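This report concerns only the one structure given below.
In what follows, chains carry the letters A, B, and so on, assigned in the order in which the sequence lines appear, proteins first and then strands, with residues in each chain numbered from 1. Since the model is a prediction, treat every value here as computed from it, not as a measurement.
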Amino acid sequence: MTMINDQSYVRTEMLGEKSPPVSNVGIIGWMKNNLFSSPLNIVLSLLSIFAIYSVLAALLPWVFGGVWYASSLTECRAILFEIHGEATKRACWGVIRERFWQLMYGFYPSDLYWRPNLALVWLFAAIAPVLFNGLPKKMLLVSVAFPFVAPWLIWGGSFWVPVMAFMGFVVGFLVHRITSKTISSLVGIILGVLAALLWWLLLSGPIAEMMESIVPLEITKVGSRQIGGFMLAILLGITGITLSFPIGIVLALGRLSNLVIVKALCVGFIEFIRGVPLITLLFVASVLLNYFLPKGTQFDIILRVMIMITFFAAAYMAEVIRGGLAALPKGQYEAADALGLDYWQAQRLIILPQALKISIPGIVSNFIGLFKDTTLVSIIALSDPLGWVKLIQGNAEWNGVIWELYGFVAFVFFLFCFGMSRYSMYLERKLQTGH
Amino acid sequence: MTTLTDPPKATFRLSMLLYDTRYRSTTIQIIVLIAFMLGAAWLLNNVRVNLALAGKDFNFGFLQQVSNFDIGQRLIEYSSTSTYGRATIIGLLNTLLIAVMGCFAATVVGVAVGILRLSPNWVISRLMAVYVEMFRNVPILLWILLIMGVLSESLPQPKDFRGENPTASMSMFDSVAVTNRGIYIPEPLFSKGLGDIPVFWNSFEISLDLMAILAVLFAGLLIGKLIKTRAMQIQAATGVLPKTGLIRLALVVIPVLLVLWILGFHLGYPALKGFNFQGGTRLGNPLLALWIALSLYTAAFIAEIVRAGIMAISKGQSEAASALGLRPNKIMNLVILPQAMRVIIPPLISQYLNLTKNSSLAVAVGYADITSTLGNTTLNQTGRELEAILLLMGCYLAISLIVSTVMNAYNERTKLRER
């Protein structure tokens with residue numbers, strides 16, 4: 001029998017933890033592990049720190065030492081010379097301060113700035129039901145009214161024009177409702193579309209004029225050439241993406257359908273548009289579109305650009321949505337069939353809601369791409385922000401200003417696009433229902 | 001007792017076209033086709049009427065007319081007495097040149113940035129993230145104009161190189177001149193050259209010297225590949241891999257050097273003569289600005305694609321590789337990248353196509369690509385909008401379709417074979 005007591009010493013309590021070596025904790029440990037863990041890393045870290053330092057050392061004084069109050073480049077240079085002497089480079093932000101509103105709104109009359117602003121606020125109200133859940137159903141009325149009210153706010157004119165445009169949808173829907181009950185749904189769709197087209201082409205104009213003469217509700221008209229700056233970029237981007245959304249869905253469904261002719265037409269359209277650069281489509285808008293329309297049709301240049309941008313965006317949108325449709329498990333399609341839903345019911349109730357949710361990141365990145373691509377309209381002489389940069393540079397007072405203008409425009413674009421991409425990430429997380 | 005009734009006789013009624021699913025899809029398609037053809041006919045008729053009103057016809061005869069404009073940046077012979085057709089070919093070659101240069105540079109930068117963004121080094125990964133976000137969120141046209149501005153505003157003028165105390169000097173041992181009119185680099189010259197041979201009915205010339213060098217280079221590479229195959233066979237048989245690296249390198253380098261020596265290869269250095277640099281090859285500012293901007297812009301997207309591709313490979317793969325005792329860069333080269341390539345290739349193709357299409361923005365800085373020669377100068381001089389723009393679109397469409405067909409074939413070959 002062995003006695004435990006034989007052992008001379010047994011530790012009864014644990015030793016306290018020793019603190020880790022200084023080189024492994026705190027800022028020193030972090031630097032050791034993250035910046036200087038291997039010779040290659042040391043070199044890379046030092047090089048990048050040096051690069052950051054040299055860029056910041058050149059940039060920060062230029063940005064923050066800039067002159068804000070000067071009405072021309074010569075005046076700004078004189079002020080800088082007085083303060084810093086020869087060979088000091090500082091920004092002349094005066095150009096931004098003087099031309100800020102033109103860079104934002106173009107030649108839009110300054111007492112009417114409230115109209116595009118109101119349209120923008122209305123836009124946020126219109127997309128609110130998509131972004132937040134738990135809003136009253138009546139908010140949808142704001143969304144429905146938006147496509148009719150916004151152009152009226154921006155271009156002005158008679159209030160009866162948007163009302164009549166809206167009435168076209170009402171007429172088409174009513175005809176569809178009546179005929180599809182009495183004849184058949186396919187005939188109903190065709191007749192409904194025909195009725196709406198007839199209304200817009202023949203009746204809406206005269207009726208709008210008549211109503212205008214009875215109850216005049218007109219606001220000041222603003223010409224398309226007066227719309228410019230970031231307002232034009234936002235206008236083109238938002239129109240392009242909203243109009244391309246329904247067209248894109250139709251194209252994507254057409255591309256995946258088993259109707260051979262429909263599929264061939266959709267594939268042809270999508271591949272054609274995706275195969276050519278946007279600038280050639282804009283050339284089409286500026287010089288060619290009038291050839292394709294009946295003689296004497298005078299189309300507004302912004303409207304023509306909008307049509308081509310919508311086609312362009314729709315082809316890309318179709319591919320994004322097709323990706324979403326393809327990512328959906330086959331069981332969803334089969335389950336919809338098993339429930340006895342017809343094609344449109346299945347698409348509307350089961351397939352599209354899920355497919356569109358999957359496509360949200362793609363749609364947002366499409367929108368960011370389109371928003372950036374709106375700068376191309378400066379090549380066909382529309383005055384978007386880059387067009388305005390050219391205009392300002394051609395001005396005698398600011399001839400020679402480069403970095404301030406480009407820097408400002410780049411900064412604003414960055415704010416918009418970066419913000420949207422971060423928001424899309426948030427939306428993706430919020431809508432995630434998987435595990 | 002059971003009675004079997006005959007199946008009802010298939011009688012065709014007109015209403016079946018709408019209600020019978022066997023016929024309905026055909027009905028819909030015929031309606032769509034008729035609507036499409038009506039629309040197309042309406043558009044074409046409008047074109048016919050409008051052209052007749054403008055007193056124009058539709059033919060490509062203008063391509064044979066003398067162009068009367070000059071192009072600075074060109075790969076094959078061209079002068080202002082050449083035809084519009086030749087100007088179009090110059091433009092097309094310039095588009096292909098910028099596309100190939102851009103894709104190459106964008107891939108190199110993009111892959112490097114994508115890998116560095118995943119580096120454990122905090123500073124470098126953040127720096128790369130800033131680079132990627134900066135380029136992705138600002139329009140490409142703005143970058144092109146900005147870089148054009150940097151090149152033409154902040155670089156020294158040729159006259160700064162002159163005089164007793166020049167404010168600027170040539171770099172790289174006096175062989176490269178960086179000026180605001182472009183960068184002058186040494187050009188290869190052959191004192192005992194073989195001359196050029198005209199091809200395609202004298203439409204352009206191919207340098208025999210270049211052909212000779214390429215032939216020797218490819219022969220060397222081919223023999224090297226045979227040796228490598230042989231070495232692999234020996235390894236499979238005996239387990240020992242013979243060292244062949246040096247021999248293969250020598251097979252490529254020595255014959256090429258020999259041919260260069262025979263042809264009397266030397267470099268023509270740029271030198272300041274009069275108001276400008278003479279000699280050497282000039283890379284004009286438009287080309288450089290476009291190249292740098294397109295490469296850096298597309299590289300930012302490629303970096304994200306590469307990063308996503310690497311992150312898509314499960315961690316178990318790299319852990320298994322390190323359990324086998326592979327070094328980190330071998331893990332990357334032998335295990336991660338080959339698998340990531342399958343994820344990376346399809347979006348990479350569309351980035352290449354985007355770069356090619358974005359090169360059409362050359363028109364903003366005056367680089368003579370096809371948009372600028374055909375869609376701008378030729379269109380304005382001849383007034384042939386319809387023909388010029390259709391031809392322009394056709395060229396881009398052809399490039400896009402060819403590139404995507406080739407890349408899709410490659411993609412199909414490297415695809416994971418699943419059972």
Side-chain angles (χ1 to χ4, degrees), chain A residues 30-31 33-35 37 41 44-45 47-49 51-52 184 186-187 190 258-262 265 271-272 274-281 283-284 287-288 290-295 368 371-376 378-379 385-386 389 402-403 406-407 409-411 413-418 421, chain B residues 15 18-19 24-25 27-33 36 42-44 46-47 49-51 53-54 116 119-124 127 133-134 136-143 145-146 149 153 353 356-361 363-364 371 375 379 385-386 389-390 392-393 396-401 404:
Chain A
W30 180 85
M31 277 168 66
N33 288 328
N34 282 297
L35 304 185
S37 54
N41 261 340
L44 283 177
S45 302
L47 274 181
S48 31
I49 290 170
I52 295 171
S184 91
L186 189 65
V187 176
I190 295 171
N258 42 23
L259 308 178
V260 186
I261 295 173
V262 176
L265 288 177
E271 292 305 324
F272 171 71
R274 277 162 39 95
V276 298
L278 177 58
I279 187 73
T280 59
L281 294 177
F283 281 160
V284 169
V287 296
L288 222 56
N290 280 340
Y291 276 110
F292 287 100
L293 298 169
K295 69 176 177 93
I368 295 176
F371 184 56
K372 287 186 296 174
D373 281 344
T374 56
T375 50
L376 266 62
S378 67
I379 292 178
L386 285 184
V389 169
I402 299 175
W403 315 117
Y406 283 141
V409 173
F411 177 70
F413 267 108
F414 181 84
L415 279 190
F416 275 117
C417 297
F418 189 68
S421 73
Chain B
S15 62
L18 276 184
Y19 297 110
R24 190 164 56 184
S25 66
T27 318
I28 294 176
Q29 295 198 66
I30 288 172
I31 292 176
V32 168
L33 188 64
F36 172 73
W42 182 70
L43 291 176
L44 287 179
N46 284 338
V47 170
V49 171
N50 284 322
L51 279 178
L53 275 177
L116 283 180
S119 142
N121 188 326
W122 188 83
V123 174
I124 201 104
L127 195 63
E133 294 299 343
M134 213 168 74
R136 284 203 316 165
N137 289 312
V138 172
I140 172 71
L141 184 57
L142 189 54
W143 280 120
L145 293 173
L146 199 64
E153 293 294 321
L353 289 175
T356 311
K357 286 184 279 170
N358 281 336
S359 74
S360 61
L361 296 177
V363 71
T371 309
L379 188 152
E385 296 99 353
L386 202 59
I389 291 180
L390 285 183
L392 182 60
M393 285 180 152
Y396 277 111
L397 210 51
I399 297 175
S400 294
L401 291 181
S404 62

Part of [X] within contact of chain B (heavy atom distance under 4.5 Å):
{"X": "A/S378", "value": "side chain"}
{"X": "A/L265", "value": "side chain"}
{"X": "A/L415", "value": "neither"}
{"X": "A/L376", "value": "both"}
{"X": "A/V389", "value": "neither"}
{"X": "A/F371", "value": "neither"}

Side chain proximity check, [X] to [Y], heavy atoms < 4.5 angstrom:
{"X": "B/V123", "Y": "A/I52", "answer": "yes"}
{"X": "A/I379", "Y": "B/L361", "answer": "yes"}
{"X": "A/L281", "Y": "B/M393", "answer": "yes"}
{"X": "B/N46", "Y": "A/Y291", "answer": "no"}
{"X": "B/L146", "Y": "A/W403", "answer": "yes"}
{"X": "B/L145", "Y": "A/L386", "answer": "yes"}
{"X": "A/F283", "Y": "B/T371", "answer": "yes"}

Heavy-atom cut-off 4.5 Å, strictly under: side chain, backbone, both or neither for [X] against chain A?
{"X": "B/I31", "result": "side chain"}
{"X": "B/L53", "result": "side chain"}
{"X": "B/W42", "result": "side chain"}
{"X": "B/L390", "result": "neither"}
{"X": "B/L353", "result": "neither"}
{"X": "B/V363", "result": "side chain"}
{"X": "B/L44", "result": "neither"}
{"X": "B/L127", "result": "side chain"}

Spacing of A/I261 atom CD1 and B/L33 atom CG [to the nearest 0.5 Å]:
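The distance works out to 4.5 Å.
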
So which of [options] has the biggest tally of heavy-atom pairs under 4.5 Å with chain A?
{"options": "B/P139, B/S400, B/A54", "answer": "B/P139"}
{"options": "B/L141, B/L43, B/T27, B/V32", "answer": "B/L141"}
{"options": "B/V138, B/I28, B/N137", "answer": "B/N137"}
{"options": "B/L51, B/L401, B/I399", "answer": "B/L51"}

Backbone N/O of [Y] and side chain of [X]: donor-acceptor pair under 3.5 Å:
{"X": "A/N41", "Y": "B/N121", "value": "no"}
{"X": "A/K372", "Y": "B/R136", "value": "yes"}
{"X": "B/Q29", "Y": "A/V260", "value": "yes"}

Run the numbers on A/L44 and B/L116 for side chain to side chain contact (heavy atoms under 4.5 Å, CB included), then give the verdict.
CA-CA 10 Å; A/L44 283 177; B/L116 283 180; 4.2 Å; yes

Exercise: identify the closest heavy-atom pair between A/P277 and B/S360
CB-OG, 3.4 Å

Select, from [options], the one with the greatest count of heavy-atom pairs under 4.5 Å involving chain B.
{"options": "A/F272, A/F413, A/F411, A/F414", "answer": "A/F414"}
{"options": "A/S48, A/A51, A/P385", "answer": "A/S48"}
{"options": "A/C417, A/G407, A/S421", "answer": "A/C417"}
{"options": "A/I368, A/T375, A/L293", "answer": "A/L293"}

